[in-house]
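Read through the structure below, which is laid out as structure tokens, and then see the notes.
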Amino acid sequence: MSRDFLLDLNKCTGCAACRLACEIENRLESGDSWRQVLTFNERRHPAAPLYHLSLACNHCGSAPCADACPAQTIKRDEVTGAVLIEEKGCIGCRYCSWACPYEAPRFSEAHGVMTKCTFCAHRLAEGREPACVSLCPTGALGTTPAVDGRGASVVPGFHADGHEPRIRFVPLRRGFRAPEMTSGLADPGIAAEPARRAPGAGRRISLRGEWPLVGFTLAASGLVGWVAAAMQCGISVSATVFPALAAGAMAASAAHLGQAGRSWRAVLNLRRSWLSREVVLYGLFVLVSLVWLRGTPGLQFAGWAAVAAGVALLFAVDRVYDVAGKEMSAHLHSAGALWMSLYLASVLSGSAAAVAVVGAAKCGLYLARKGRMRKRGRRWRPALSAARVALGLLVPAASIVIWAEAAWAAALGLAVVGEALDRIEYYLELRIETPRAWMEAALPADDSRHDLGVHWVRSNHEP
């Protein structure tokens, strides 16, 4: 029978015994537990309660990780209801960790696959509780029969988001301050030592780990723009350079995988995963483009078919990042794959009017995004922004307008550099909501005296 985790916030002391139990039971490296313990109100704000959340995979009724997985290796165990990763089929693309708002899937550097809490399905099958539950010293963590269709209890710092997480909370009693293992911190003016972040906590999409994807998206956008410019303006497409660039882009994408040898499995979830759709559409675009490049009589329509496949491909590329928070939507982001391709196509065409119109639109989107970031107090990188606008937009447009064909190669090179800078910023700005971020957002401002604890208790109909 399926079970839900049950956490009594009145009893949890944040001792992290559950994390240690998880490491031991699953033979994980020290510090690599699949469970994390987070503290709400670490800074001891007087208008907010203090409590701890012990969180692992919530084995959601509508699991976003399973929907995102392109290899279809995340499935629900029919006996226990646990959502499990079949590691033998995992390609290590990390996309499930982007889609999961609870930071459950973790990438194993040693094995090149994703791992996560299994709800100790092997113990449940034997009629035993999960290890984290069995070794909780205060009885704060437990399990209870699952209630289908029921979301998690309302708790500041934890969102259900329609995923039906299999966890329920016993909320704090009115006026009750959660017990803690630390001492000497009752004075709210004394800053508490932040709890140790669990592996993978915080932003999980970063430039450091996504260089291959920067190369792939830039190359794919350029290739589609090249074919589009050829069909519209009649420029030539090299039958040797094009396949080489296409193969290089594919190799860059595969380099991002923990298990590149299983990359063929990335096409298995066309029904639900945008990543699977991206892979299939890229293959279709390249294949149709190569047919067109052969120049076989009667197959010239293949050029426009390649353009159509390319547009669909870039649409899928942009949708892959729907799981992440961005300052602008995918179709209004200056670094979106469709916008990159359109701009590069205009530069490749050598049309001053096209470069001016598309460049102005991209510049407007870019500056609007930066303005929003600055207004919200986000780091907006003024020096990099100036370089991106000047080198990638203004100089190429001026070169084509003033010097035309004489400066075409330089203009194209600078345009590519500008698009690369914009795409790099795209990854630097990506954010995924996490329980820690939810907790920080739920805390009152320093000058607020609103009693979150009382409001929370009333919302749960506590006496």
Side-chain angles (χ1 to χ4, degrees), residues 3-23 25-26 28 31-42 49-65 81-83 85 96-106 114-120 129-136 138-144 146 151-172 178 180-181 194-204 432-443 456:
R3 309 284 293 177
D4 288 353
F5 279 118
L6 180 65
L7 180 63
D8 189 337
L9 302 186
N10 300 281
K11 297 179 179 179
C12 182
T13 64
C15 69
C18 53
R19 296 188 69 245
L20 181 60
C22 178
E23 290 180 14
E25 179 69 25
N26 297 289
L28 304 175
D32 286 344
S33 176
W34 290 331
R35 180 167 287 277
Q36 59 178 324
V37 179
L38 302 175
T39 300
F40 183 80
N41 195 15
E42 287 181 321
L50 173 72
Y51 59 86
H52 309 285
L53 288 184
S54 175
L55 300 175
C57 176
N58 295 310
H59 305 276
C60 302
S62 178
C65 58
V83 176
I85 297 177
C96 58
S97 70
W98 299 5
C100 174
Y102 306 114
E103 300 186 297
R106 311 280 173 79
M114 302 304 295
T115 64
K116 71 173 189 63
C117 162
T118 64
F119 215 136
C120 283
E129 292 278 30
C132 55
V133 172
S134 295
L135 293 184
C136 177
T138 64
L141 188 61
T143 64
T144 186
S153 307
V154 178
V155 175
F158 185 91
H159 293 183
D161 284 341
H163 301 314
E164 300 177 31
R166 298 291 191 180
I167 184 170
R168 282 186 269 165
F169 301 99
V170 177
L172 291 179
E180 55 182 298
M181 296 298 291
R196 178 177 181 272
R197 284 179 178 258
R203 188 178 66 189
R204 286 166 292 159
I432 290 184
E433 287 191 339
T434 64
R436 183 179 291 276
W438 293 336
M439 285 185 168
E440 292 173 356
L443 284 170
W456 172 27

Take Leu172 and Phe40 through the test side chain to side chain contact (heavy atoms under 4.5 Å, CB included) and record every step on the way to the result. CA-CA 12 Å; Leu172 291 179; Phe40 183 80; over 6 Å; no
Step by step, work out the side chain to side chain contact (heavy atoms under 4.5 Å, CB included) result for Thr115 and Trp34. CA-CA 8 Å; Thr115 64; Trp34 290 331; 3.2 Å; yes
Nearest 0.5 Å please: distance from the [atom1] atom of [X] over to the [atom2] atom of [Y].
X      : Y      : atom1 : atom2 : value
Asp8   : Ser54  : CG    : OG    : 12.5 Å
Thr13  : Tyr51  : OG1   : OH    : 16.0 Å
Met114 : Ile85  : CE    : CD1   : 6.0 Å
His59  : Cys65  : NE2   : SG    : 9.5 Å
Tyr102 : Ile167 : OH    : CD1   : 9.0 Å
Glu25  : Cys18  : CD    : SG    : 14.0 Å

Residue pair Ser62 / His163, side-chain donor-acceptor N/O under 3.5 Å: no
Of Glu103, Arg436, Arg19, which meets side-chain hydrogen bond (donor to acceptor under 3.5 Å, both in side chains) against Gln36? Glu103
Closest non-hydrogen atom pair between [X] and [Y], with its separation:
X      : Y      : answer
Leu50  : Asn41  : CD1-O, 3.4 Å
Arg166 : Ala146 : NH1-CB, 3.5 Å
Cys132 : Phe5   : SG-CE2, 4.0 Å
Phe119 : Arg3   : CE1-O, 3.5 Å
Leu53  : Phe169 : CD2-CE2, 3.6 Å
Leu7   : His52  : CD2-O, 4.0 Å

Take the angle between the ring planes of Trp438 and His159 and call it parallel below 30°, perpendicular above 60°, tilted in between. parallel
Could you tell me whether the side chain of [X] and the main chain of [Y] form a donor-acceptor pair under 3.5 Å?
X      : Y      : answer
Lys116 : Val83  : yes
Thr434 : Ala437 : yes
Ser33  : Cys22  : no

Could you please spell out the steps behind the side chain to side chain contact (heavy atoms under 4.5 Å, CB included) verdict for Asp32 and Arg106? CA-CA 9 Å; Asp32 286 344; Arg106 311 280 173 79; over 6 Å; no
